[in-house]
Amino acid sequence: MKKSNYRAVAILLAFIASVFIGFHQFSKKEELKRELNLQGLFMNVKDVEVKTENAIFYDEKPYKSIVIKIPSLASEYDDSVSDSKLVNKIINREQFDEHFEQWLEHTFKKEVASKYTNHIEVWYRDRRVINEQYK
């Protein structure tokens, strides 16, 4: 076999291997995304925002960052300036907010989050409750 034939076969094998490795990496990340199911997070709470940034190709984790923003749970109008008459007065919002933030901190699982992302933030109203960096 000629030297150029060996080179062509080596290039073809390298191409096939890189396609296989790339597909495997992509499939693994997509499976992790489905497993995490960020769309199901607080799905019964109106206006929860979940923003993600995909990780680079060679990173084992599917996300570079995840930011979760939860609006007021005490009243739909708590964060509204124009509809202040509609704010719920029955629930003590400040006390509710404090206990909800404590609950978020207590139930947050660092070891689970670190499996899926390099950075995560969880906001409740205008305060960042969780800010974790993993590498």
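As the structure is a prediction and not an experimental result, all values here were calculated from the model.
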Going by an N to O cut-off under 4.0 Å, is there a salt bridge joining K115 and E35?
yes
Less than 4.5 Å apart, side chain to side chain, heavy atoms only: is that true for L36 and T117?
no
Regarding D97 and R125, does a basic nitrogen lie under 4.0 Å from an acidic carboxylate oxygen?
yes
So the ring-ring contact (aromatic ring centres under 6.0 Å, His included) pairs with at least one residue in residues 99-135 (sequence neighbours excluded) are F100-W103, F100-Y124
N118 side chain to K61 side chain, donor-acceptor N/O pair below 3.5 angstrom:
yes
Side-chain contact, heavy-atom cut-off 4.5 Å: E105 with V129?
yes
Do E31 and K33 meet the salt-bridge criterion of a basic N to acidic O distance under 4.0 Å?
no
Identify whether the distance between the nearest side-chain nitrogen and carboxylate oxygen of E49 and K69 falls below 4.0 Å.
no
Tell me whether K28 is salt-bridged to E60, with the criterion being a basic N under 4.0 Å from an acidic carboxylate O.
yes
As an exercise, state the distance from CZ of R7 to CG of N5, rounded to the nearest 0.5 Å.
10.5 Å
Is there a side-chain contact between I68 and I66, using heavy atoms and a 4.5 Å cut-off?
yes
When hydrophobic residues are tied together by side-chain contacts of less than 4.5 Å, even through go-betweens, does L32 share a cluster with V112?
yes
Using side-chain heavy atoms (C-beta onward) and a distance below 4.5 Å, is Y63 in contact with L38?
yes
Any chance you could measure Q133, atom CD, to S65, atom OG, to the nearest 0.5 Å?
9.0 Å
So do the side chains of V50 and V67 get within less than 4.5 Å of each other, counting heavy atoms only?
no
Shortest non-hydrogen pair, I130 vs L104, comes out as CD1-O, 3.8 Å
Any donor-acceptor N/O pair, Q25 side chain to F20 backbone, under 3.5 Å:
no
Just wondering, are more than 12 heavy atoms of other shown residues or ligands nearer than 6.0 Å to CZ in R34?
yes
Within this structure, what is the NZ-CD distance for the pair K51 and E121, rounded to the nearest 0.5 Å?
10.5 Å
Grouping ILVMFWY residues whenever side-chain heavy atoms fall under 4.5 Å, the cluster of Y58 otherwise contains F57
Which heavy atom in P71 sits nearest to a heavy atom in D47, and how many Å separate them?
CD-O, 3.7 Å
